[in-house]
Amino acid sequence: MEKLIDDYELELCEVDCVPGAPLYSAKAHIPGDVSEVMPYLNSVLDRAFYSGDNEFIVWKNRERKFVLRPHELAASLIMDRPEARRVIGEAVTWINDIWDRRGGMTPDHEKRIPPQPLEVLKHLPGSNCASCGLATCMAFAFELIEGNKRLDDCPGLLEEENYGAREKLEVLGL
Ligand code: SF4
């Protein structure tokens, strides 16, 4: 059977926002249009962000964020090229498997969009202490949404008084 994704070009992109931390995002540039798989991915993923019109779908696997667009699959929190090859390869295998099984699945077209930075910001400690490696909580909010930072990167969110705020961020899918 012909695979949905059988060829792609891998690119490693620097994440400028993480000084001193050699983190990258990996991108697979896919020649064919793979957008039709998105509603099927949406049906099996828990709390994915889905555009509703096959423009993008975003999901997390542990702390790593994945974004699928019609001609691109991206993964965050990548240390080096071998990890990029492994992580993207595993995600491609999983997407191809979902596509092969789509005959027995019900596609889910329900739209769910990512939170806005200001919505995220109101649940952050707000001290702009820079312990996360970024100058402000607002910058952290952007990178959290992009998947380049984790909730654990903000020490304030590990303090008991902020457990409630952290829970709200988790509910937002962060
Ligand atoms: S560590 Fe937390 S409180 Fe400090 S700047 Fe970063 S997000 Fe804000």
Side-chain angles (χ1 to χ4, degrees), residues 10-29 38 41-42 44-92 94-95 108 110-174:
L10 192 62
E11 181 189 7
L12 211 53
C13 309
E14 278 189 58
V15 179
D16 297 328
C17 69
V18 191
L23 282 176
Y24 299 87
S25 68
K27 285 186 184 172
H29 300 284
M38 292 183 197
L41 299 181
N42 197 33
V44 296
L45 287 165
D46 186 27
R47 297 197 308 191
F49 297 122
Y50 173 50
S51 64
D53 56 4
N54 289 356
E55 270 191 38
F56 66 82
I57 183 165
V58 182
W59 71 95
K60 280 175 84 174
N61 186 349
R62 298 188 181 90
E63 291 298 319
R64 180 168 286 119
K65 182 174 145 186
F66 292 86
V67 184
L68 182 68
R69 297 189 173 88
H71 292 278
E72 182 186 287
L73 171 65
S76 71
L77 305 175
I78 298 290
M79 297 301 289
D80 51 28
R81 188 164 280 276
E83 185 174 49
R85 268 198 294 273
R86 178 182 60 77
V87 168
I88 290 289
E90 287 174 359
V92 164
W94 176 71
I95 291 167
D108 179 356
E110 189 176 346
K111 178 177 177 176
R112 186 166 175 265
I113 58 170
Q116 295 298 304
L118 281 177
E119 191 181 356
V120 174
L121 181 65
K122 70 185 181 192
H123 301 301
L124 294 175
S127 60
N128 296 325
C129 68
S131 299
C132 56
L134 300 171
T136 64
C137 295
M138 188 61 171
F140 185 79
F142 274 103
E143 296 307 329
L144 205 51
I145 294 167
E146 285 299 309
N148 297 323
K149 286 288 187 184
R150 310 170 169 99
L151 294 179
D152 284 355
D153 292 328
C154 169
L157 290 174
L158 298 172
E159 290 172 13
E160 197 172 347
E161 64 189 32
N162 289 322
Y163 282 179
R166 187 187 169 107
E167 264 180 35
K168 287 186 176 128
L169 290 164
E170 286 171 349
V171 168
L172 289 174
L174 299 169

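All figures in this text were calculated on a predicted structure; none of them were measured in a lab. Each ligand, and each atom within it, is numbered from 1 in the order the structure gives. Atoms considered below: every heavy atom in the structure, side chains included; atoms not considered: hydrogens, waters and symmetry mates.
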If you have a sec, work out which protein heavy atom is nearest atom 8 (Fe) of ligand 1 and how many Å separate them, to one decimal? Cys137 SG, 2.2 Å

Among protein heavy atoms, which sits nearest to atom 2 (Fe) of ligand 1, and what does the distance come to when rounded to 0.1 Å? Cys154 SG, 2.4 Å

Using a heavy-atom cut-off of under 4.0 Å, does the side chain or the backbone of Ala130 touch ligand 1, or both, or neither? backbone

Report yes if some heavy atom in the side chain of [X] is under 4.5 Å from a heavy atom in the side chain of [Y]; otherwise report no.
X: Pro114; Y: Phe56; answer: yes
X: Tyr163; Y: Leu157; answer: no
X: Leu172; Y: His123; answer: yes
X: Phe66; Y: Arg64; answer: yes
X: Lys27; Y: Leu10; answer: no

If I take every N, O or S atom of Cys132, is at least one of them less than 2.8 Å from atom 8 (Fe) of ligand 1? no

Atoms of ligand 1, numbered as shown, that sit under 4.0 Å from any heavy atom of [X]:
X: Pro155; result: 1 (S)
X: Asn128; result: 5 (S)
X: Cys129; result: 1 (S), 3 (S), 4 (Fe), 5 (S)
X: Pro125; result: 3 (S)
X: Ser127; result: 3 (S)
X: Phe140; result: 7 (S)

Once the angle between the rings of Trp59 and Trp94 is folded into 0 to 90°, is it parallel (under 30°), tilted (30 to 60°) or perpendicular (over 60°)? tilted

N-O pairing of Asp152 and Arg166 below 4.0 Å: yes

